[in-house]
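The structure appears below as structure tokens.
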Amino acid sequence: MESAGRFDRVVRAAVEQDVLGPGQPVAGFLDVPGLLGSVRDLFAAFEQVPVLHTFAAKAAALVPVLRLLADAGMGCEVASPGEYAQAAAAGFDPGRIVFDSPAKTRAELAHALSLGSAVNADNFAELDRIDALLATTPSASALGLRINPQVGAGSIGAMSTASRDSKFGVPLRDPGVRERVLAAFAARPWLTRLHVHVGSQGCPLELMAEGVRVVYDLAEEINRAAGRQQVTGIDIGGGLPVNFSSDKTTPTFAEYAALLRERVPGLFDGRYTLVTEFGRALIAKHGFTAALVEYVKDAGGRRIAVTHAGAQVATRTVFMPESWPLRIQAFGPDGTRKQGPVIVQDVAGPCCFAGDMLARGRELPELVPGDLVVLPDTGAYYFSTPWSYNSLPRPAVHGFTATTGTPRFTLIRKEQSMAEIVAESGGEHRDALVSLAAPDLARLERA
Ligand SMILES: *Cc1c(COP(=O)(O)O)cnc(C)c1O
């Protein structure tokens with residue numbers, strides 16, 4: 001399986017159809033039927049309960065992708081005005097949008113409430129803001145409170161949202177906080193949801209399930225105290241980890257749902273509507289990034305292949321290589337997989353800082369200029385989340401279908417043009433500083 005990778009036919013076709021090669025030296029590719037297959041797996045895993053599955057927009061904030069997922073029956077989880085606008089442009093019904101964020105402004109809250117999107121408040125002060133807004137304008141939004149169950153961190157600190165001192169949610173185990181949560185619900189009959197997102201890549205399933213159990217128990221306690229079912233929805237977040245070391249999908253949505261059924265059976269008895277917010281696990285394995293090898297050099301006894309994929313498309317991998325290693329596969333200029341003896345090589349990106357390395361000391365068939373490197377599993381948070389260092393353009397992203405016959409491609413996002421880069425970097429304000437500094441410039445000239 002490994003030697004004949006999933007994407008071989010697609011890489012070949014991309015070169016033949018000229019969407020990849022010397023003129024297009026870096027691009028992202030998304031397997032559309034593959035993504036829909038994961039949506040189907042997610043739906044199947046939770047099929048016996050009332051549930052709204054939302055896609056965490058930040059994992060692939062591309063309007064055509066969001067549009068596809070809306071058509072596939074998903075909702076959308078957004079965490080900024082930009083993501084909200086993308087979700088709206090994609091055509092999500094506002095009632096199927098869930099607005100999370102630790103820093104919602106009053107204006108953002110008012111907007112979401114006026115459209116009837118669900119909002120998960122991050123903290124008590126945000127509840128006060130919602131109180132004030134509801135006092136003047138009624139809203140159809142489902143409203144919840146994000147809980148930090150403080151069940152502990154996973155293996156990647158920056159990805160762990162349920163540590164004792166995480167910045168997210170209400171820290172349930174801090175002194176007095178449980179009582180404050182109960183009082184907050186007692187005072188606000190419109191609070192009907194609890195939200196928990198234990199964390200992303202690096203968190204074991206047991207830890208995630210424990211976080212959901214803590215929040216389920218809290219929902220039961222709130223409802224007992226209210227003498228009615230005040231909490232009707234539990235948003236269990238996303239965070240299913242992804243296997244970046246082979247083509248195998250593990251763990252699966254079915255395994256996670258089975259563990260939840262075992263640990264929190266009451267969640268599945270139909271009294272609660274579930275909301276999920278998966279991102280990475282839905283789409284990571286359905287995307288790859290491909291980049292041209294521009295030069296090959298030797299330095300200090302190391303072989304280095306300089307490619308067009310670096311920190312601008314694989315930011316986390318470059319800055320945290322231990323936490324975010326990616327596989328790298330070697331292809332020839334014609335898009336066929338390279339065979340032959342392997343040598344130890346470094347694979348570098350195009351950015352002008354020394355740490356811009358995709359990998360060090362990898363064993364790969366010897367790369368030469370004109371070859372291609374393929375980075376599997378980059379469908380989430382990689383090519384869809386570029387970084388504008390060195391003013392490198394955002395790469396093109398192509399969707400493809402390759403289930404039968406010749407793979408077919410369609411453009412999801414075009415490569416950023418030089419004119420767009422100039423415009424984005426203040427091009428229209430070119431003379432702003434020389435005008436402001438005219439007297440100072442004049443003094444410089446006299447000196
Ligand atoms: C990022 C995030 C998600 C999605 O996480 P994945 O690891 O991509 O599944 C879901 N909910 C919230 C609140 C998030 O911040």
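Start at 1 and go down the list; that is how both ligands and their atoms are numbered. Numbers here simply count residues along the sequence, with the first being 1.
- Residue contacts with ligand 1: Leu240 is placed with no nitrogen or oxygen under 3.5 Å of a nitrogen or oxygen of the ligand (distance criterion only).
- The atoms of ligand 1 that sit less than 4.0 Å from any heavy atom of Arg280 are 6 (P), 7 (O), 8 (O), 9 (O).
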| message | Could you walk me through whether Asp247 and Arg327 satisfy the salt bridge (charged side-chain N to carboxylate O under 4.0 Å, His left out) test, starting with their C-alpha distance in whole Å, then the side-chain angles of each, then the deciding distance to 0.1 Å, before giving a yes or no? | response | CA-CA 10 Å; Asp247 281 347; Arg327 292 182 287 158; 2.9 Å; yes

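- For the 3.5 Å distance criterion, the side chains of His53 and Glu277 fail to qualify, holding no donor opposite an acceptor.
- Note: no N/O pair closer than 3.5 Å links Ala59 and ligand 1 by distance alone.
- Under a cut-off of 6.0 angstrom, the local environment of CZ in Arg261 is crowded, with over 12 non-hydrogen atoms contributed by other residues, nucleotides or ligands.
- Protein heavy atom closest to atom 15 (O) of ligand 1, with residue, atom name and distance, is Lys58 NZ, 2.9 Å.
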Kindly list each side-chain donor-acceptor pair under 3.5 angstrom involving residues 388-410, sequence neighbours excluded, with atom names and distances?
from   : atom 1 : to     : atom 2 : distance (Å)
Asn390 : OD1    : Cys352 : N      : 2.7
Arg394 : NH2    : Glu424 : OE1    : 3.0

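- Atom numbering of ligand 1 starts at 1 in the shown order; those under 4.0 Å from a heavy atom of Asp100 are 13 (C).
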Under 3.5 Å, which donor-acceptor pairs do the side chains of residues 234-243 form with other protein atoms, sequence neighbours left out?
from   : atom 1 : to     : atom 2 : distance (Å)
Asp235 : OD1    : Gly237 : N      : 2.9
Asp235 : OD2    : Asn120 : ND2    : 3.2
Asn243 : OD1    : Ser245 : N      : 2.9
Asn243 : OD1    : Ser245 : OG     : 2.8
Asn243 : ND2    : Ser246 : OG     : 3.0
Asn243 : ND2    : Lys248 : O      : 2.9

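- Protein heavy atom closest to atom 10 (C) of ligand 1, with residue, atom name and distance, is Glu277 O, 3.1 Å.
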| message | Pair Asp174, Gln150 - check side-chain hydrogen bond (donor to acceptor under 3.5 Å, both in side chains), show working. | response | CA-CA 9 Å; Asp174 277 11; Gln150 293 173 298; 3.0 Å; yes

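- Salt bridge status for Lys104 with Glu126: present, with a side-chain N to carboxylate O gap under 4.0 Å.
- Checking Phe55, Phe278, Tyr381 against atom 8 (O) of ligand 1, the nearest heavy atom belongs to Tyr381.
- The Ala56 neighbourhood of ligand 1 comprises atoms 3 (C), 4 (C), with distances under 4.0 Å to a heavy atom of that residue.
- Residue contacts with ligand 1 leave out Ala79, since none of its heavy atoms falls under 4.0 Å from the ligand.
- For ligand 1 and Gly279, the ligand atoms under 4.0 Å from any heavy atom of the residue are 6 (P), 8 (O), 9 (O).
- The local environment of CZ in Arg164 is sparse, with at most 12 non-hydrogen atoms from other residues, nucleotides or ligands closer than 6.0 Å.
- Using a 4.0 Å cut-off to heavy atoms of Arg146, the atoms of ligand 1 that qualify are 13 (C).
- Both the backbone and the side chain of Ser200 come within 4.0 Å of ligand 1, counting heavy atoms alone.
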